[in-house]
Number of protein chains: 2
Amino acid sequence: MATKREKLEQREAAILDAAREVFTSVGYEKGRIAEIARKAGVAEGTIYLYYKTKQDLVRAVINAYWSDLTKRARDTVDTSLPFFAQLEQFARFHMTSFHEDIDYIDLNLAMRVQHLGFVAPVDMIRGYVRVFDEMFARALDRGEITSAASPWVARDLFFGTLEHSSRSVFLDPGKSAEDCIANLMTVFRATYGGGGEAKHGALDDAITRLEAAVAQLKTL
Amino acid sequence: MATKREKLEQREAAILDAAREVFTSVGYEKGRIAEIARKAGVAEGTIYLYYKTKQDLVRAVINAYWSDLTKRARDTVDTSLPFFAQLEQFARFHMTSFHEDIDYIDLNLAMRVQHLGFVAPVDMIRGYVRVFDEMFARALDRGEITSAASPWVARDLFFGTLEHSSRSVFLDPGKSAEDCIANLMTVFRATYGGGGEAKHGALDDAITRLEAAVAQLKTL
DNA sequence: CATCATTTATGAGTCAAGCTCACAGAACAA
DNA sequence: TTGTTCTGTGAGCTTGACTCATAAATGATG
């Protein structure tokens with residue numbers, strides 16, 4: 001009974017592995033079901049017992065990727081550190097991953113088109129993005145940062161910049177990932193606190209001092 | 001002689017138009033050459049006289065789109081305005097376009113995958129991105145802004161954020177494009193000069209003034 | 001205008017790849 | 001052991017990109 005279930009799961013995993021190999025190496029369009037079946041050691045028809053269509057299969061591959069990426073991200077970020085340190089860890093993790101897994105990313109990009117009848121694995125991506133959202137929320141809670149705008153704006157700033165930058169770095173090895181990260185950190189500190197905080201703090205202090213002085217003067 | 005050339009060009013344009021219609025409405029994969037031929041009023045074989053493959057055809061569609069977008073962007077941005085005003089114009093233009101032309105954008109995204117044997121229309125995109133680069137360079141020249149980092153980092157910040165944000169806004173109508181633009185402007189001012197500086201300057205001035213006043217009062 | 005050459009158009013036919021289905025075998029229940 | 005249900009197979013169906021033999025149109029030449 002257990003053996004049977006295991007056997008089925010093994011088969012499913014074998015197909016998924018084969019699909020991952022094929023799709024990431026030659027892309028979705030050129031990835032052949034026949035090739036996947038051969039690599040998985042099953043008949044073509046068998047694949048359709050586990051995945052309804054080719055798109056279903058590629059969706060499963062992408063889902064698995066995001067799920068794994070999220071886990072690795074959570075392992076990487078040390079939540080006991082100050083916000084900006086966490087942010088830097090995450091940014092570096094994200095850029096490195098995009099660089100190493102460019103095949104997955106491109107695959108995912110190519111699939112992100114709803115018009116092809118493809119429903120993007122939004123849930124998985126959401127799970128990954130949540131790593132950032134939670135960091136940001138904690139920092140707001142602790143008063144480490146201040147933000148006038150909604151958190152989702154910061155999120156788009158973070159991921160949008162990194163995605164574009166990692167592509168730039170990938171296409172032109174003369175460009176440095178560390179520059180991107182450094183710049184992004186500057187941007188975040190300037191916009192949401194950090195460096196700015198210190199200055200604000202100084203200003204606040206000055207104002208408190210002045211108000212006290214004025215109050216005292218008024219009593220005279 | 002001229003009539004013949006015109007005729008050929010008209011035919012090519014008809015095919016391109018039909019292809020645009022089909023691809024943007026149902027996507028690349030589901031777009032049928034037969035349908036395009038029907039809409040263009042030519043035989044299927046005729047299409048292959050003008051475009052070698054289906055990918056060639058979709059590439060032409062995307063090229064035409066970026067070319068047009070670039071022209072419109074240049075018409076929109078008023079280069080006589082101060083940098084941050086130009087930037088806001090461009091940001092608004094970009095977000096609006098992405099919103100209206102989401103079909104093209106998705107098509108383009110889907111095609112951006114080199115592994116499918118597709119060579120992205122990089123030249124066209126470069127032409128569009130250059131609109132930003134030139135704005136930025138002029139602003140640096142005039143001393144309107146200061147930047148420690150390379151211009152391409154700022155470019156990725158700009159386009160990356162807008163691309164992600166416009167997608168967020170598209171998926172959730174509760175989110176506002178104006179919020180994104182406002183936030184992006186804040187980020188740019190804070191990072192590259194302008195508004196943020198002025199504000200800090202004004203606060204510093206006010207405090208200096210107040211402290212002087214308090215000091216004077218205290219002597220009374 | 002007639003004739004030939006070259007360029008352009010056609011759509012029936014080819015081929016490749018995703019997908020189906022009738023049948024076979026394995027696992028399980030009675 | 002026997003019937004039932006679940007799982008696997010691959011030959012074949014279908015669809016759609018692409019080709020090619022043929023035809024039509026256009027242009028050049030006498």
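Taking atom OH of residue B:Tyr48 and atom C1' of nucleotide C:dT8, one finds them 17 Å apart after rounding to whole Å. Going from atom CZ of A:Arg38 over to atom P of C:dA17 covers 14 Å, rounded to whole Å. A straight line from NZ of B:Lys30 to C1' of C:dG18 spans 13 Å, rounded to a whole angstrom. The CG-P distance, from A:Leu57 to C:dA17, rounds to 16 Å in whole Å. Per the geometry, CD belonging to B:Glu29 stands 16 Å off P belonging to D:dT15, to the nearest Å. B:Lys52 places its NZ atom 15 Å from the C1' atom of D:dA17, with the value rounded to the nearest Å. Atom-to-atom, OH of B:Tyr28 to P of D:dG16 comes out at 14 Å; the value is rounded to the nearest Å. D:dC18 atom C1' lies 17 Å from atom OH of B:Tyr51, rounded to whole Å.
Classification of B:Asp133 and B:Arg130 as a salt-bridged pair fails, no side-chain N sitting under 4.0 Å from a carboxylate O.
At C:dG18, one or more side-chain N or O atoms of A:Arg32 fall inside 4.0 Å of OP1 or OP2 (strictly under the cut-off). Remark: B:Lys54 is not in phosphate contact with D:dG16, judged by side-chain N or O atoms under 4.0 Å from OP1 or OP2. At least one side-chain nitrogen or oxygen of A:Lys7 sits closer than 4.0 Å to the OP1 or OP2 atom of C:dA27.
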Could you list the donor-acceptor pairs under 3.5 angstrom formed between side-chain atoms of residues 170-177 of chain B and any protein atom two or more places apart in sequence or on another chain?
from, atom 1, to, atom 2, distance (Å)
B:Asp172, OD1, B:Gly174, N, 2.8
B:Ser176, OG, B:Glu178, N, 3.1
B:Ser176, OG, B:Asp179, N, 3.0

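Remark: B:Glu44 engages no residue in a salt bridge (Lys or Arg N to Asp or Glu O under 4.0 Å) (not counting sequence neighbours). Checked against side chain to side chain donor-acceptor pair (under 3.5 Å), B:Tyr128 has the following partners two or more places apart in sequence or in another chain: B:His94. For A:Glu12, there are no salt bridge (Lys or Arg N to Asp or Glu O under 4.0 Å) partners two or more places apart in sequence or in a different chain.
Shown are B:Phe84, B:Tyr192, B:Trp152; of these, the ring pair (Phe, Tyr, Trp, His ring centres under 6.0 Å) with B:Phe136 is made only by B:Tyr192.
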Worksheet, complete the sentence: In 5'-to-3' order, the base (B), backbone-only (S) or no-contact (-) status of each nucleotide in nucleotides 9-15 of chain C, using a 4.0 angstrom heavy-atom cut-off, is BBB----
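Listed by first then second residue, pairs satisfying salt bridge (charged side-chain N to carboxylate O under 4.0 Å, His left out) with a partner in residues 73-85 of chain A read A:Arg74-A:Glu134, not counting sequence neighbours.
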